[in-house]
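Here the structure comes first, spelled out in structure tokens, and everything after it is commentary.
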2 protein chains.
Amino acid sequence: MTTRWLTPEEQRAWRAYVAATHLLEDAIDRQLQQDAGMPHLYYSILANLSEAPERRLRMTDLAEKTKITRSRLTYAVTRLEKDGLIRRENCRWDKRGSIAALTDEGMAVLERTAPGHVETVRTFLFDQLTDEQVEQLEEICTGIARALEGDGERPSVDEVPWLRRSSPSCS
Amino acid sequence: MTTRWLTPEEQRAWRAYVAATHLLEDAIDRQLQQDAGMPHLYYSILANLSEAPERRLRMTDLAEKTKITRSRLTYAVTRLEKDGLIRRENCRWDKRGSIAALTDEGMAVLERTAPGHVETVRTFLFDQLTDEQVEQLEEICTGIARALEGDGERPSVDEVPWLRRSSPSCS
DNA sequence: TGGTCTTGGTTCAAGTTTGAAACAAACCTA
DNA sequence: TAGGTTTGTTTCAAACTTGAACCAAGACCA
């Protein structure tokens, strides 16, 4: 089977997608770095904890929620713990487990910085979209995420039989 | 003025967006790392060069095309140069300038790995979308990118007067 | 001209991410 | 219940990113 290259429409969509996602993530990272002294991911970790029952989650659950690897999470939590925004506790039921708990200070940082963050997201994302587009975006993204999540387990790339033939193009 | 929090629809869209973009970028990075031995960004750099006249671009233009900072680009190009996929040349008109040129070997790598890359993008993105959604995605992303690009200059975050008030939520 | 400002790139240190390997506890199963 | 496998998490080294500082070389202009 020969490669199905992207159609012109797909090319355009793909490039716009790559550009938009990079630019937006950069803008959000910069804003949060300035206002909260941490990148977006770290903020997300705190935000996820703030919504969890008792403001605490097991590492694996937190990694699942934030869609990152466990090792990346370990590093991030270690940093946030040094900053006093998170506290590590060990799990009673499962001695292997480690639990990340949001501290009051962490909650305070979140409360202080949430407005700026929301405003950034609004300015650069939602202010640019019609209500209809917001819906479309959700559907599109939900579809993509579903394809990538399997049922909780990421379909490790090498399980998919990639074709290998020539000719470039497609950033 | 008090913060305009995200509506439930916006929340859903935002979360789906964050999840989808992370998962997709991760999948693409993993695939390219395995097949081409480089992350997506590096592949994009090669791809951009391959389409430029004479397969060469000035650093700043390349940074602009790939939406990354100059320092990040410098590092990436240095690595790719070590791998023999890019060659640096100096600009005749402007002695400050530095030009990145795709080597034949770089072109070959691109040709060899493009099919796998396209297939990944297709599998996880376009196969999940209807033709209509592809169009919608392009429009949405174009809008976002426009808001973030000013006219070539990024609106440095601190020029926007952020509001600062309390209450969290919004990953 | 000789300053001074801007632009194009690189450098450096500190911080982050990656993937593989290491551990330890929990879970089988014969 | 010992031995083997799986699961939860951390560790480590190598690679990458960030932002500020730096260095030329062009541009501007009194």
Side-chain angles (χ1 to χ4, degrees), chain A residues 22-23 25-34 36-45 56-83 86 88-100 152-154 156-158, chain B residues 22 25-45 56-83 86 88-100 152-154 156-158:
Chain A
H22 273 192
L23 290 170
E25 188 61 7
D26 274 11
I28 291 176
D29 267 334
R30 270 201 306 284
Q31 185 268 320
L32 279 172
Q33 192 64 55
Q34 291 202 350
M38 66 183 79
H40 187 195
L41 172 66
Y42 291 51
Y43 179 91
S44 295
I45 290 172
R56 65 196 67 219
L57 280 173
R58 285 190 64 161
M59 295 297 276
T60 297
D61 298 336
L62 193 45
E64 163 62 21
K65 292 230 186 234
T66 49
K67 316 291 181 199
I68 60 173
T69 59
R70 299 207 268 314
S71 91
R72 191 177 177 186
L73 180 61
T74 294
Y75 180 88
V77 166
T78 302
R79 195 265 232 196
L80 291 169
E81 192 173 27
K82 256 176 213 138
D83 295 349
I86 280 184
R88 257 190 247 255
E89 299 172 355
N90 25 20
C91 183
R92 286 218 205 61
W93 316 283
D94 185 343
K95 283 185 191 160
R96 290 169 303 181
S98 178
I99 290 178
E153 257 335 272
R154 298 199 189 149
S156 109
V157 172
D158 36 46
Chain B
H22 273 193
E25 187 61 6
D26 274 11
I28 291 176
D29 267 334
R30 269 200 308 282
Q31 186 268 320
L32 280 172
Q33 191 65 55
Q34 290 202 349
D35 271 24
M38 67 183 79
H40 187 196
L41 172 66
Y42 291 52
Y43 179 92
S44 295
I45 289 174
R56 63 197 67 218
L57 280 174
R58 285 190 62 161
M59 295 297 276
T60 298
D61 298 336
L62 193 46
E64 163 62 21
K65 291 229 187 235
T66 48
K67 317 291 181 199
I68 60 173
T69 59
R70 300 216 246 22
S71 92
R72 192 177 176 184
L73 180 61
T74 294
Y75 179 88
V77 167
T78 301
R79 195 266 232 195
L80 291 170
E81 193 174 26
K82 256 176 212 138
D83 296 350
I86 281 184
R88 257 188 248 255
E89 299 171 354
N90 26 18
C91 182
R92 286 218 204 61
W93 315 283
D94 185 343
K95 285 184 189 159
R96 291 168 302 180
S98 180
I99 289 179
E153 257 336 274
R154 299 200 188 150
S156 107
V157 172
D158 37 46

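Reminder, nothing fancy here: chain letters follow the sequence lines and each chain counts from 1. In this text the structure is predicted, and so the values were computed from the model without any measurement.
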Nearest-angstrom distance from the residue atom NE2 of H40(A) to P of dT17(D): 19 Å
Taking side chain as C-beta onward, heavy atoms only, is E64(A) less than 4.5 Å from K67(A)? yes
Regarding S71(A), tell me which of base, sugar-phosphate or nothing describes its non-hydrogen contacts under 4.0 Å with the strands shown. base
Which sits closer to the 5' end of DNA chain C, W93(A) or A76(A), going by the nucleotide each is nearest to? A76(A)
If I take atom CZ in residue R72(B) and atom P in nucleotide dT10(C), what distance separates them, rounded to the nearest angstrom? 16 Å
Rounded to the nearest 0.5 Å, how far does OG1 of T60(A) lie from CZ of R70(A)? 5.0 Å
Comparing nearest nucleotides in DNA chain D, the 5'-proximal residue of the pair R58(A), D29(A) is R58(A)
Atom NZ of K95(A) and atom P of dT6(D) are separated, to the nearest Å, by 24 Å
Roughly, in whole Å, what's the span from CD in E64(A) to C1' in dT9(D)? 16 Å
Respond yes when some side-chain nitrogen or oxygen of R70(B) is under 4.0 Å from OP1 or OP2 of dG8(C), and no when none is. no
Check this for me, if you would: do R79(A) and D83(A) make a salt bridge, where the nitrogen-to-carboxylate-oxygen distance has to be below 4.0 angstrom? yes
Per atom distances to the D94(B) side chain, the nearest of dT17(D), dT16(C), dG26(D) is dG26(D)
Nearest to the side chain of T69(A), which nucleotide is it out of dT10(C), dT18(D), dT18(C)? dT18(C)
May I have the distance from N90(B) (atom CG) to dA25(D) (atom C1'), rounded to whole angstrom? 13 Å
Against the side chain of M59(A), the closest entry in dT16(C), dT9(D), dT10(C) is dT9(D)
One thing to verify: whether R58(A) and D94(A) come together as a salt bridge, which I'm taking to mean a side-chain N less than 4.0 angstrom from a carboxylate O. yes
When the distance from CG of D26(B) to C1' of dT18(C) is rounded to whole Å, what number comes out? 10 Å
Ranking dA25(C), dA25(D), dG19(C) by distance to the side chain of R96(A), first place goes to dA25(C)
May I ask you to say what T74(A) touches in the nucleic acid, namely base, sugar-phosphate or nothing, with a heavy-atom cut-off under 4.0 Å? base
Look at the side-chain N and O atoms of S98(B) and state whether any lies under 4.0 Å from the OP1 or OP2 oxygen of dT10(C). yes
Please lay out, stage by stage, how T66(B) and R72(B) fare under the test side-chain contact (heavy atoms from CB on, under 4.5 Å). CA-CA 11 Å; T66(B) 48; R72(B) 192 177 176 184; over 6 Å; no
Per atom distances to the R88(A) side chain, the nearest of dC16(D), dT10(D), dG26(D) is dT10(D)
Distance from L62(A) atom CG to I68(A) atom CD1, nearest 0.5 Å? 7.0 Å
Would you tell me if any nitrogen or oxygen in the side chain of R79(A) comes within less than 4.0 Å of OP1 or OP2 on dT16(C)? yes
Within this structure, what is the CZ-to-C1' distance between R30(A) and dA20(D), rounded to whole angstrom? 15 Å
Tell me which nucleotide among dA15(D), dG15(C), dT10(D) gets nearest to the side chain of Y75(A). dG15(C)
In whole angstroms, the gap separating P of dC16(D) from CG of L41(A) amounts to 20 Å
